[in-house]
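Presented below is the structure to which this report refers.
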Amino acid sequence: DVKVTQSSRYLVKRTGEKVFLECVQDMDHENMFWYRQDPGLGLRLIYFSYDVKMKEKGDIPEGYSVSREKKERFSLILESASTNQTSMYLCASSLLDLLAAELGTDTQYFGPGTRLTVL
Amino acid sequence: DQQVKQNSPSLSVQEGRISILNCDYTNSMFDYFLWYKKYPAEGPTFLISISSIKDKNEDGRFTVFLNKSAKHLSLHIVPSQPGDSAVYFCAASADGGADGLTFGKGTHLIIQP
């Protein structure tokens, strides 16, 4: 079974603090993703990475950065946390497998999420 | 601009009946569609997916139908069970999800005994 783990389930930080959210996957997947989930807005893509040291902006990258120094680890960084970044953060990983997509099999596996509260 | 739309925030269905969850999309480049199920305080779990080369995919009680001309897909759950009560997200991507998924806002399915 694919396992995606996130360093914390719950986190409380203060406005202006630097926050690190860590994600580790154990299936040697190339792609890793960070989403945030907010009520009424669904899941929105923040950043993704398709290789070590590579990163791409998603739909809502403002206020975030990421780091991928090792294949299994993808970190989301809030340089200066703000209250509007209070959210559930979800990490996901997948194979870069276009054949799997064509066959209709899943490609993304999610971690349990980190509920971040910024006071 | 919402590219994936789930227009029903919630749906209530009696146990044993069919649940039908709907999803519409606007981006004609999408070629891969997935449904995820999410319980509170947990990450989404994959349910079923379909690629644009098919119009139907079935897995046990779950069937996904894709109507490309209408840019519409639906998830059918039959028979519905109490454990199916959850939020269901429709997601779509181009290029097999390599650039991430675009999610709808979710539909909260409530199965009533």
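The chains referred to below are lettered A, B, ... by the order of the sequence lines, with proteins before strands, and numbering in each begins at 1.
Aromatic ring pairs are classed by plane angle as parallel below 30°, tilted from 30° to 60° and perpendicular above 60°; the pair A:F110 and B:F103 is perpendicular.
For B:P44, the parts lying near chain A are the backbone and the side chain together; criterion is any non-hydrogen pair under 4.5 Å.
The choice from B:Q2, B:K38, B:Q6 that makes the most heavy-atom pairs within less than 4.5 Å of chain A is B:K38. Between chain B and the options A:L41, A:D38, A:L45, the largest number of non-hydrogen pairs under 4.5 Å is found for A:L41. Top candidate by heavy-atom pairs under 4.5 Å with chain B, chosen from A:R44, A:R9, A:Q6, is A:R9.
Here the closest non-hydrogen pair linking A:S80 and A:G16 is OG-CA, 3.4 Å. Taking every heavy atom of both residues into account, B:C23 and B:V4 meet most closely at SG-CG1, 3.5 Å.
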Apply the test side chain to side chain donor-acceptor pair (under 3.5 Å) to residues B:Q3 and B:T26: give CA-CA distance (whole Å), side-chain angles for both, the deciding distance (0.1 Å), then the verdict.
-> CA-CA 5 Å; B:Q3 297 187 66; B:T26 58; 5.0 Å; no
